[in-house]
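Here the structure is laid out as structure tokens; the discussion comes afterwards.
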2 protein chains.
Amino acid sequence: MDDAGVAVAEQGAQVVARVGAVLRVLGASAGAPVPTSRVAELAGLTRPTAHRLLAALAGEGLVDRDAAGGWVLGPEAYILGAVAAERYDVTALAADAVREIARATGECAFLSARRGDETVCLLREEGSFPLRSHVLYEGIRFPLGVASAGLAILAMLPDAEREAYLARADLVPAWGPAHAAEPLRARLAAARATGYVVNPGLIVEGSWGMAAAVFDAAGRPAWALSATGVESRFGPDRRGEIGRVLLEQAHAVTQRLRAR
Amino acid sequence: MDDAGVAVAEQGAQVVARVGAVLRVLGASAGAPVPTSRVAELAGLTRPTAHRLLAALAGEGLVDRDAAGGWVLGPEAYILGAVAAERYDVTALAADAVREIARATGECAFLSARRGDETVCLLREEGSFPLRSHVLYEGIRFPLGVASAGLAILAMLPDAEREAYLARADLVPAWGPAHAAEPLRARLAAARATGYVVNPGLIVEGSWGMAAAVFDAAGRPAWALSATGVESRFGPDRRGEIGRVLLEQAHAVTQRLRAR
DNA sequence: CCCGCATCGTCCACTTTGTGGACACCTTAG
DNA sequence: CTAAGGTGTCCACAAAGTGGACGATGCGGG
């Protein structure tokens, strides 16, 4: 998976696409410093190019280096984000829903947002149960259809949009045969039937997840609430209970968004 | 003031500098949509170039357009900022200080951060007094030395750094003769004597401001708390009282930062 | 209703700018 | 002391960005 990009760019500005890829790499590291060569690798660039872009971005304050020379997002990124938050922040409206899911289920709970063909994890709340999955953390990205949040959102998209995505995305090379179009379609259909989705350890063996979609004011699935934990905590009995909690909280957040 | 940039770039990546300028323009608009031609003007670019960059940035999700075609910062900017916030966010530590200043003085209170040769307003809290200054709002930028926050930070910089800035900055064309090096030095010296700075309506006639610097763990002035209002509320008597409140709160925030 | 006037989006020849293979350097590991 | 893996920099090459010019669009006034 050399270019984890959202596949856009087209004509006009190749550099901008590369800058976007670099920034996304740093964003997905959850604030941990990333060495130059790894940025290059993850962004699909040669090392000199990555280095030049990073140095230029550092001049703008969009990235910064820690003492060891690793790259992190910079103060300017924070400032821009603070302004953009007025328009896009949902964590304030969803924070207590995530907390309630963690409390009621004992598992780790998350809020993720759709971003193009990916989902991004925005909030994480630890559950009380001592065995916890650390597959998800703030900033990490998955393609739609991978991880329970992306499954929940994909399931609730209009049929045409969902099929268009399934046609252009090929998840098998990076995520294995369980993410081929057919088994995916089956999982999505099941999700539409119950309202919530179950990811039975498809990313990491034994790490299960469940999610329910949150809808924007236009009725489109734009976020998802999810819970993850070890397989033994997701037996048929508890699945119903966790699903109920997820749906309830997802509905509450959707209502709050509509009221805003 | 065609290029409000922080003056960096140098060799290596001209496009990155331009991207930075474009993003800064949108950040400084406080979330209000900016038309293409105005972005071009403020970023010092030709309109086709600005348009191409904006379109490419939109492809990355870093900018977005509202219904009327104006440009705003996009969802990706918010997401990156949320990750960067873990490292750079101070608003959580300073929010109650800003609130306390607004409460105790009745004026509008602000937190600003230093960003290179500029300050950026991060927090605004309305005061109770009905005549309020709207010169400052979240996202707006001023060069160091302009507006009370930038004066407070500049005053507390090490002598060599302050003089180097005064030597390279020329504030007179954009901000008038009151911002020439000499009167500025006098204001800064007065600020060092009292600990807080007074801006007697130098940006907008009749809009006064006062500020005190907040220091980072290394003892460098990196933020400022300020209050603004109409001239009549800044008589000699009240100046002492407002200055006291500002210093007290600035000290409290500095302590909290050190403890972090 | 029609005609300026102001914005906007797009095209394409020109050339500035970014590119990346190659090299030198530094630190750490064996 | 040498090998290995990381980093920063150079520069010939050409690909990519640039912006003047044009046509489309939308608004307001005559």
Side-chain angles (χ1 to χ4, degrees), chain A residues 2-26 28-29 32-74, chain B residues 2-26 28-29 32-74:
Chain A
D2 28 71
D3 68 330
V6 191
V8 268
E10 325 301 346
Q11 74 208 4
Q14 173 221 52
V15 189
V16 174
R18 294 179 166 193
V19 163
V22 165
L23 292 176
R24 246 175 287 132
V25 165
L26 296 183
S29 84
V34 186
T36 310
S37 51
R38 180 130 186 86
V39 173
E41 180 191 346
L42 292 172
L45 303 171
T46 62
R47 199 176 48 76
T49 298
H51 183 266
R52 201 165 7 83
L53 291 178
L54 285 163
L57 287 167
E60 300 297 312
L62 285 165
V63 309
D64 206 351
R65 346 193 46 164
D66 79 336
W71 300 94
V72 294
L73 289 173
Chain B
D2 27 71
D3 68 329
V6 190
V8 268
E10 326 300 345
Q11 71 207 4
Q14 173 222 50
V15 188
V16 174
R18 295 178 166 193
V19 163
V22 165
L23 292 177
R24 247 175 286 131
V25 164
L26 297 184
S29 84
V34 186
T36 309
S37 51
R38 180 131 186 84
V39 173
E41 180 191 347
L42 292 172
L45 303 171
T46 62
R47 200 176 46 75
T49 298
H51 183 266
R52 199 165 10 83
L53 290 178
L54 285 163
L57 287 167
E60 300 298 311
L62 286 166
V63 309
D64 207 351
R65 340 193 51 163
D66 78 337
W71 300 94
V72 294
L73 289 173

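Side chains of A:Val16 and B:Leu62 form no contact here, defined as non-hydrogen atoms less than 4.5 Å apart. At least one side-chain heavy atom of A:Leu23 sits under 4.5 Å from a side-chain heavy atom of A:Val63. With contacts defined as side-chain heavy-atom distances shorter than 4.5 Å, the pair B:Thr36/B:Arg65 qualifies. At a threshold of 4.5 Å between non-hydrogen side-chain atoms, the residues A:Val19 and B:Leu57 do not count as touching.
When each of A:Asp64, A:Thr49, A:Leu26 is checked for a side-chain contact (heavy atoms from CB on, under 4.5 Å) with A:Leu54, only A:Leu26 meets the rule.
What separates CZ of A:Arg52 from P of D:dT9 is a distance of 12 Å, to the nearest Å. Rounding to whole angstrom units, CG of residue B:Leu57 and P of D:dG17 are separated by 12 Å. For B:Leu53 and D:dA16, the CG to P distance is 16 Å, given to the nearest whole Å. Put simply, CZ on B:Arg18 is 13 Å from P on C:dT16, counting in whole angstrom units. In this entry the distance linking CG of A:Leu45 with C1' of C:dG18 reads 12 Å, nearest Å.
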Just the atom pairs and distances: protein N or O near nucleotides 5-8 of chain D's N or O, under 3.5 Å.
unit_1, atom_1, unit_2, atom_2, d
D:dT7, OP1, A:Thr36, N, 3.2
D:dT7, OP2, A:Ser37, N, 3.2
D:dT7, OP2, A:Ser37, OG, 2.8
D:dT7, O4, A:Arg47, NH2, 3.1
D:dG8, OP1, A:Arg65, NH1, 2.6
D:dG8, OP1, A:Arg65, NH2, 3.2
D:dG8, OP2, A:His51, NE2, 2.8
D:dG8, O5', A:His51, NE2, 3.3
D:dG8, N7, A:Arg47, NH1, 3.1
D:dG8, O6, A:Arg47, NH2, 3.0

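When all heavy atoms are compared, the tightest approach of B:Pro33 to B:Gly70 is CB-CA, 3.8 Å.
For B:Thr46, whose side chain is taken as the heavy atoms from C-beta onward, the closest listed nucleotide among D:dT18, D:dA16, D:dG19 is D:dG19.
Put simply, A:Gln14 has no side-chain N or O that comes within less than 4.0 Å of OP1 or OP2 on C:dT17.
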